[in-house]
Amino acid sequence: MTVVTRFAPSPTGYLHIGGARTALFSWLYARAKGGKFLLRIEDTDKERSTQAAIDAIQDGLNWLGLGGDEPPVLQSTRADRHAEVAHALVKRGAAYHCPVPAEDLQARRDEAEALQKKKSAEGSLSAGEQARMEDLLKPFRSPWRDPARPLPEGAPTVVRLRMPDTGELTVSDNVQGTVSRSYADLDELILLRSDGTPTYMLAVVVDDHDMGVTHVIRGDDHFLNTFRQLPIYIGMGWPRPDYAHVPLIHGPDGKKLSKRHGATAVDEYRDILGYLPEAMRNYLLRLGWSHGDDEIIPDEKAIEWFDLTGLNKAPARLDFAKLDSVNKHYMALADDQRLFDLWVARPEAKALPDAIKTRIRDAMPHLKTRAANLVQLSEQARFLTDLKPIQLTGKAADQVNEEARGRLAALLPHLEGLPEWSEPAIKEELAQFCARIGIGLGKIGPVLRAVLTGGAPAPDISLVLVLLGRNEAFARIREYAR
RNA sequence: GGUCCCUUCGUCUAUCGGUUAGGACAUCUGGUUUUCAACCAGGAAAGAGGGGUUCGACUCCCCUAGGGACUGCCA
C-alpha cells in the first residue's frame, strides 16, 4: 500500500510554526515510505478564509521545501460530494435529520455556563440546579434521533451523525497510544448545516478518504475529534486511516505558543529573524522527535530515519538559542552567493551603496562562519558597512591615545608600500614593523582594530585590512594617525 | 463540571526493570587570542510529590499536584 499523507490548514492567517512542524512530519513520513504528500486547503468557513492566507501558507510551505506532490485540493469545491456522503449516511441509518434550531443549542450552553459560574461563585448549587447543570453538560442527544419521531412540517433540519447508545470506540494512535472513549461521552455532531453546507468534521473525513490518505498526521488538538470522525468511516464502511497526533509547540514559558512569545508565523523566521529553511527543518524535526544522540540531521538522514513511533507525547518548548546554534551550523555550510542574496534583500542592507555590497559579497566566506542568523550576519558585517568617519565605541575609544596614534602614523607608510595586499603579506608586515620598533603585536593590534572597526566585532586584523581594501583601510587609519 | 492526554538537567532529548541516568543547546571555569566568534580542556545541572508491585523502578500500577486538549450549524 502506498502511503499518502496530507497537510490541511485552514486559510485564516499565516502558516503557524506548529503547523509547519506537522507538515514537516507528514512530508518526511511520505518521503520515508516512498509515498505521496498532499495539500488541502480547508476553506469551508467562507467568512474567515482569504486568498491572501492561502498564498501566505503556500509561500511558507514552499520556503520550507514542503510543497505538495499534487496541486492543493480546495475543500470548498467539494461541498456537493460532502453532502452526498451525508445523505448516504442518513440512508444507512448512521445519521439523521434534526430540526432543533441553533438558538436552542446555544441556550443550552448558555444556561450550563451560567450554572457553572454560579457554582464557582457560590461554592455549591442546590441539588436541582446541580442535576440540571450536569444534564446540560452531557453530550446533546436530539429527540429526533428516534427514527419513529416525525419531523415537523417545513422546519429546516441539520444532518446529525448518530452515535451508538452503548459501547466504546478505541483508537490506536501512533503517538498517543491506544485510547478508548465510550460513545455516551461523544456528541452527535452536525454533518450538514441547515443551509445544506458541510461542516469541517464531515469534510475532513470525506476528503481524506477520497484523496486516499492513509496516514493522518496532525496536531493533538484534533485527537478527541478522531473519536467523533471515526463513526463516519464506520457508517460508510470505509477503511480507517492510521493516525498520529503530534503535540503542539509551546512557548519558552510552557504555555501554548502565541504572539506574545514572539514569532509564530514561519515568514517571520525567514524575513525578520533570518533563519535558513534547512535549519528550520532540522530544528523542528528534533523538537519532539529524536534519533539517539543525533542533533544535526540533514534531509537525507531525516528521510532515512524518520518514523512516527519516535514522536514524543509531551509538548515541546521553542528554544531560540538552540535554533540559533542549528542555524549557525547550516549557515557555515551554505553557498556564499545564496547567503549574500538573502542578506542583501534585508531592510538593513537594501539601501547600502553597491561598493559596500560588493565588499560584503567578497567577505561572505569569512562572515558566514561567525553568525547564527542573518541578523547576526549584519551585525558581524558592521565593520564593513559602517561609513566614515568610524565612530569609536567603549574600549575602542580608550585604545586611541596619543602614543597609539603615533604608532599608526608610523605604520601607515609601510602598509601603503606593500606590493601585495593579502592576508599573509599584511601579517608579515605587521610582525616586521613590531620587531623593528621593539614592541609586541599587542601594542599595535588593538588600536588598529579600534580605528578600523570602531569596536564592532570583526575577524583577524589582517583579514579586516584585506576585506576593507587598500583605500578604505588607509582612509580609516588616517582619521586617527598623527 | 465531564472525558482524554502529558510530567528525566534551565531547554530539546537518550534510557524501553539492573547505567557512576548519556548527548546537544544554554550556562560557569580554565586555555588559546589583537576584539567578537570559533576552537580545546573541565565543571555545575534532572527522574513533580506520595504510595504500591518487584530481589531490584526513571521505567509497571494507584493517588495527589501541575500542565494541556476536547466539550460550536469554527476549523
Side-chain angles (χ1 to χ4, degrees), chain A residues 8-12 42-45 47-49 75 98 100-102 105-106 109 112 115-116 119-120 130 133-134 136-140 156 158-160 175-177 179-182 184-187 189-195 197 199-201 203-204 219-225 227-228 245 247-248 250 252 254-256 283 286-296 312-326 328 332 369-372 376 379-380 383 395-396 399 430 440-450 453 455-462 464:
Chain A
S10 55
T12 54
E42 312 226 310
D43 56 346
T44 52
D45 185 351
E47 318 264 281
R48 297 198 298 155
S49 301
Q75 194 159 63
C98 169
V100 176
L105 267 10
Q106 187 57 46
R109 285 190 293 269
L115 252 13
Q116 282 188 94
K119 182 172 184 179
S120 64
Q130 180 68 30
M133 184 182 80
E134 283 171 21
L136 289 170
L137 254 9
K138 270 191 236 156
F140 174 69
V158 298
V159 172
R160 271 186 194 281
V175 178
Q176 308 290 328
V179 180
S180 298
R181 280 195 79 154
S182 68
D185 293 330
L186 264 17
D187 59 332
L189 54 131
I190 290 170
L191 266 19
L192 237 40
R193 302 186 183 99
S194 49
D195 65 1
T197 59
T199 60
Y200 161 79
M201 291 291 175
V204 169
D220 73 1
D221 49 335
H222 285 294
F223 185 53
L224 271 342
N225 283 339
F227 292 89
R228 311 209 286 155
H245 286 89
L248 270 15
H250 283 191
K255 303 285 185 194
K256 191 172 165 178
Y283 176 72
R286 276 289 289 105
L287 205 56
W289 181 86
S290 60
H291 183 268
D293 285 341
D294 294 304
E295 297 287 345
I296 296 297
N312 268 344
K313 275 190 188 186
R317 304 177 192 205
L318 212 51
D319 179 7
F320 285 95
K322 182 107 178 196
L323 210 205
D324 271 341
S325 111
V326 174
K328 181 167 189 140
T369 58
R370 306 168 56 82
Q376 285 186 21
E379 178 65 17
Q380 291 291 335
F383 75 99
K395 283 184 216 156
Q399 293 291 344
L430 283 175
L441 191 59
K443 291 287 182 192
I444 188 75
V447 67
L448 234 195
R449 173 176 297 284
T453 69
D460 178 89
I461 197 72
S462 308
V464 168

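So you know, we letter chains A, B, ... as the sequences are listed, proteins then strands, and number each from 1. When reading the values below, keep in mind they use all heavy atoms of this one structure, side chains included, and skip hydrogens, waters and symmetry mates.
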* Contact check, side chains of A/Pro459 and A/Val464, non-hydrogen atoms, under 4.5 Å -> yes
* To do: Would you mind telling me which of B/U34, B/A75, B/G72 lies closest to the side-chain atoms of A/Arg109?
  => B/G72
* To do: For the side chain of A/Asp221, starting at C-beta, report the closest nucleotide among B/C70, B/A24, B/G1.
  => B/C70
* Asked: B/U8 and B/U13: how far apart are their P atoms, nearest whole angstrom?
  -> 9 Å
* Across the strands shown, which category fits A/Ala102 at heavy-atom distances under 4.0 angstrom: base, sugar-phosphate, nothing? -> base
* Asked: In whole Å, what is the span from the CZ atom of A/Arg370 to the P atom of B/U33?
  -> 17 Å
* Asked: Between B/C36, B/C4, B/A75, which nucleotide has the shortest distance from any of its atoms to the side chain of A/Phe223?
  -> B/C4
* Asked: Which part of the nucleic acid, if any, lies within contact of A/Val179, taking any heavy atom under 4.0 Å across all strands shown: a base, the sugar-phosphate backbone alone, or nothing?
  -> sugar-phosphate
* Which pair of non-hydrogen atoms, one from A/Met133 and one from A/Ala112, has the smallest distance, and what is that distance? -> CG-O, 4.3 Å
* To do: Would you mind classifying the nucleic acid contact of A/Pro247 as base, sugar-phosphate or nothing, using non-hydrogen atoms under 4.0 angstrom?
  => nothing
* Asked: At under 4.0 Å, does any side-chain N or O of A/Asn312 touch on OP1 or OP2 of B/C12?
  -> no
* Touch class at under 4.0 angstrom, heavy-atom based, for A/Asn225 against every strand present -> base
* To do: Could you measure between the two P atoms, the one in B/G2 and the one in B/U11, and give it in whole Å?
  => 30 Å
* Phosphate oxygens OP1/OP2 of B/U71: is one of them under 4.0 Å from a side-chain N or O of A/Arg228? -> yes
* So what does A/Ala314 touch, heavy atoms closer than 4.0 Å: a base, only the sugar-phosphate, or nothing? -> sugar-phosphate
* State the NZ-CD distance between A/Lys119 and A/Gln130, to the nearest 0.5 angstrom. => 3.5 Å
* What integer number of Å spans the P atoms of B/C6 and B/A21? -> 26 Å
* To do: Select one nucleotide: of B/G1, B/C73, B/A75, the one nearest the side-chain heavy atoms of A/Arg48.
  => B/A75
* To do: Using a heavy-atom cut-off of under 4.0 Å over every strand shown, decide if A/Thr197 touches base, sugar-phosphate, or nothing.
  => nothing
* Structure fact -> Per atom distances to the A/Leu248 side chain, the nearest of B/C12, B/U34, B/A69 is B/A69
* To do: May I ask you to test the A/Arg228-A/Arg181 pair for a side-chain heavy-atom distance under 4.5 Å?
  => no
* For the side chain of A/Arg449, starting at C-beta, report the closest nucleotide among B/A37, B/U34, B/C25. => B/U34
* Counting any heavy atom closer than 4.0 Å, what does A/Ile190 reach on the DNA or RNA strands: base, sugar-phosphate only, or nothing? -> base
* Interatomic distance, A/Asp187 CG vs B/U71 P [rounded to whole Å] -> 8 Å
* **Listed nucleotide nearest any side-chain atom of A/Ile461, set B/U34, B/A75, B/C70** => B/U34
* Integer angstrom distance from the C1' of B/G10 to that of B/U19 -> 24 Å
* Asked: Reckon A/Thr199 has a side-chain N or O less than 4.0 Å from the OP1 or OP2 of B/C73?
  -> no
* Asked: Does A/Gln130 make a side-chain donor-acceptor contact with the base of B/G1, cut-off 3.5 Å?
  -> no
* To do: Assign A/Gln176 to base, sugar-phosphate, or nothing according to its heavy-atom contacts below 4.0 angstrom with the strands shown.
  => sugar-phosphate
* Which part of the nucleic acid does A/Val100 contact within heavy-atom distance under 4.0 Å: base, sugar-phosphate only, or nothing? -> base
* Distance, rounded to the nearest Å, where A/Arg160 contributes CZ and B/G72 contributes P -> 10 Å
* Asked: How long is the span from the CG atom in A/Leu136 to the NZ atom in A/Lys138, to the nearest 0.5 Å?
  -> 10.0 Å
* Of A/Phe227 and A/Arg286, whose closest RNA chain B nucleotide lies nearer the 5' terminus? -> A/Phe227
* **Pairwise P distance for B/G67 and B/U27, with rounding to whole Å** => 29 Å
* Asked: Looking only at atom C1', what distance separates B/G22 and B/U15, rounded to whole Å?
  -> 8 Å
* Asked: Hey, does A/His245 reach any base, or is it just sugar-phosphate, or nothing, if we go heavy atoms under 4.0 Å?
  -> nothing
* To do: Describe the nucleic acid contact of A/Pro459 in one word from base, sugar-phosphate, nothing, applying a heavy-atom distance below 4.0 Å.
  => base
* Kindly indicate whether the side chain of A/Asp293 and the base of B/G22 share any N or O donor-acceptor pair separated by less than 3.5 Å? => yes
* To do: May I ask you to decide if the ring planes of A/His291 and A/Trp289 are parallel, tilted or perpendicular, using 30° and 60° as cut-offs?
  => parallel
* Measure the shortest side-chain to side-chain distance between A/Leu137 and A/Gln116 over non-hydrogen atoms and say whether it is less than 4.5 angstrom. => yes
* To do: Using the P atoms only, state how far B/U32 lies from B/A24, rounded to an integer number of Å.
  => 24 Å
* Check every strand shown and say whether A/Gly177 touches a base, only sugar-phosphate, or nothing at a heavy-atom separation below 4.0 Å. => nothing
* To do: Using a 4.0 Å heavy-atom cut-off across all strands, classify A/Glu134 as base, sugar-phosphate, or nothing.
  => nothing
* Taking the side chain of A/Lys322 as its heavy atoms from C-beta onward, which of B/C6, B/G23, B/U35 lies nearest to it? -> B/G23
* For A/Ser325, report the nucleic acid contact type (base, sugar-phosphate, nothing); a contact means any heavy atom under 4.0 Å. => sugar-phosphate
* Can you tell me, in whole Å, how much space there is between the C1' of B/G43 and that of B/A26? => 15 Å
* Asked: If each of A/Lys313 and A/Asp185 is mapped to the nucleotide of RNA chain B with the nearest heavy atom, which maps nearer the 5' terminus, i.e. the 5' end?
  -> A/Asp185
* To do: Give the nucleotide from the list B/A75, B/C36, B/C6 with an atom nearest to the side chain of A/Pro457.
  => B/C36
* Asked: Considering only heavy atoms from C-beta outward, does the side chain of A/Val326 approach that of A/Arg286 to under 4.5 Å?
  -> no
* **Distance test, side-chain N/O of A/Ser290 to OP1/OP2 of B/A14, below 4.0 Å** => yes
* Is the side chain of A/Ser290 donor-acceptor paired with the backbone N or O of A/Gly292 at a distance under 3.5 Å, no angle test? -> no
* For the side chain of A/Lys328, starting at C-beta, report the closest nucleotide among B/C4, B/A38, B/A69. => B/A38
